[in-house]
Undergrad: 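After the structure tokens below, expect a handful of questions from me.
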Amino acid sequence: MNERQQARRPGGRSARVGAEVHQAVTDLISERGYGNFTVGEVSARAGVADSSIYRRWGNLETLLTDVALTRLNAQSPMPDTGSLAGDLRTYAANVAREITGPDGLAVVRLAVALSGNGQQGLKAGDDLRAERMRQLQTMLDRARERGEQAPDAFTVLDHILAPMYIRVLFGMVPLAPDYVDGLVDRLL
């Protein structure tokens, strides 16, 4: 195994540095909001050289997009319960738990900010949105393959995700399980 392969092994130094940088970004967004910190401040908080951040992510926007996608994928993966109703209920419950958790508001604010921050932000927001829509589409395509009628991904976004995000952004939490299930029921 060469040196480069060792650096990328799961759980190794590279994974630890990535996790520390991600947590530093999340903490800074929680404390200061989007756009109110630099790569230098992230590197100081994470205890890594800023050159390491630039080498791995290239710029702050790419890092922020990676943080948002990593959090969403880890905390709200696309379920496969065997039915569309089960998948949507599980997915909605996972998203509700993530966005109301300790760093949830910071992640929601980050996703919103990436969607509207000039040309660089639009690219980052497009990447974030495209990846999440691709994942939703996979879940919906699985349902269709089972013979179920499934809405399109934008309909899921409009009827399940958007109401939860708006409630979190405006401090209307917690998101009770019956509220989250009701969103799925109304969609189906």
Side-chain angles (χ1 to χ4, degrees), residues 10-48 50 52-53 56-57 59-81 86-117 121 124-125 127-133 135-136 139 156-157 159-184:
R13 183 179 185 285
S14 180
R16 192 171 54 256
V17 167
E20 290 167 356
V21 169
H22 279 214
Q23 189 59 53
V25 166
T26 303
D27 292 345
L28 285 164
I29 290 170
S30 293
E31 293 167 15
R32 301 183 191 173
Y34 176 82
N36 295 317
F37 56 89
T38 65
V39 168
E41 291 169 309
V42 172
S43 68
R45 176 78 57 108
V48 301
D50 57 356
S52 295
I53 293 174
R56 186 168 183 172
W57 287 281
N59 60 46
L60 187 58
E61 295 299 324
T62 302
L63 170 59
L64 295 174
T65 302
D66 186 50
V67 168
L69 273 172
T70 300
R71 284 294 301 269
L72 290 171
N73 291 336
Q75 301 297 320
S76 305
M78 290 298 138
D80 188 1
T81 65
D87 289 351
L88 288 173
R89 284 186 204 295
T90 301
Y91 175 65
N94 288 344
V95 170
R97 186 181 59 251
E98 166 62 13
I99 65 176
T100 59
D103 298 325
L105 182 57
V107 173
V108 171
R109 285 182 175 157
L110 175 57
V112 170
L114 287 172
S115 296
N117 183 37
D127 291 348
L128 179 63
R129 196 170 33 259
E131 175 60 18
R132 211 52 177 160
M133 293 300 276
Q135 293 170 349
L136 275 171
M139 179 175 61
V156 174
L157 178 77
H159 290 84
I160 295 176
L161 297 178
M164 290 192 295
Y165 275 56
I166 290 296
R167 283 186 174 229
V168 168
L169 284 169
F170 288 103
M172 301 164 56
V173 290
L175 299 176
D178 59 329
Y179 170 75
V180 174
D181 284 346
L183 294 174
V184 174

Undergrad: As a quick check of understanding, evaluate side chain to side chain contact (heavy atoms under 4.5 Å, CB included) for Y91 and L136, giving each step before the final call.
TA: CA-CA 10 Å; Y91 175 65; L136 275 171; 3.7 Å; yes
Undergrad: Which residues pass the side-chain contact (heavy atoms from CB on, under 4.5 Å) test with D181, sequence neighbours left out?
TA: R89
Undergrad: So does G40 get a backbone contact from the side chain of S43, meaning a donor-acceptor N/O pair under 3.5 Å?
TA: yes
Undergrad: How far does CH2 of W57 sit from CG of L64, to the nearest 0.5 angstrom?
TA: 10.5 Å
Undergrad: With a 3.5 Å cut-off and sequence neighbours excluded, list the donor-acceptor pairs that the side chains of residues 159-171 form with protein atoms.
TA:
residue	atom	partner	partner atom	Å
H159	ND1	T155	O	3.0
R167	NE	Y179	OH	3.1

Undergrad: Provide the closest heavy-atom pair for V180 versus A92 in the form atom of the first, atom of the second, distance.
TA: CG1-CB, 3.4 Å
Undergrad: Provide the closest heavy-atom pair for L88 versus M139 in the form atom of the first, atom of the second, distance.
TA: CD2-CE, 3.7 Å
Undergrad: Could you go through V173 and I99, starting from their C-alpha distance and side-chain angles, then the distance that decides it, and tell me whether this counts as side chain to side chain contact (heavy atoms under 4.5 Å, CB included)?
TA: CA-CA 10 Å; V173 290; I99 65 176; over 6 Å; no
Undergrad: Only distances under 3.5 Å count here; give the side-chain donor-acceptor pairs of residues 17-25 to other protein atoms, sequence neighbours excluded, each with its distance to 0.1 Å.
TA:
residue	atom	partner	partner atom	Å
H22	NE2	D66	OD2	2.8
Q23	NE2	D27	OD1	2.7

Undergrad: Taking atom CG of L157 and atom CZ of R132, what is their separation to the nearest 0.5 Å?
TA: 11.0 Å
Undergrad: Side chain to side chain contact (heavy atoms under 4.5 Å, CB included), that's the test. Do V39 and L63 meet it? Break it down for me.
TA: CA-CA 9 Å; V39 168; L63 170 59; 5.7 Å; no
Undergrad: Would you give the length of the straight line joining atom CD of E31 to atom CZ of R45, rounded to the nearest 0.5 angstrom?
TA: 4.0 Å
Undergrad: Could you please spell out the steps behind the side chain to side chain contact (heavy atoms under 4.5 Å, CB included) verdict for F37 and I29?
TA: CA-CA 8 Å; F37 56 89; I29 290 170; 3.6 Å; yes
Undergrad: Please round to the nearest 0.5 Å and tell me the distance separating atom CG of N94 and atom CE of M78.
TA: 9.0 Å
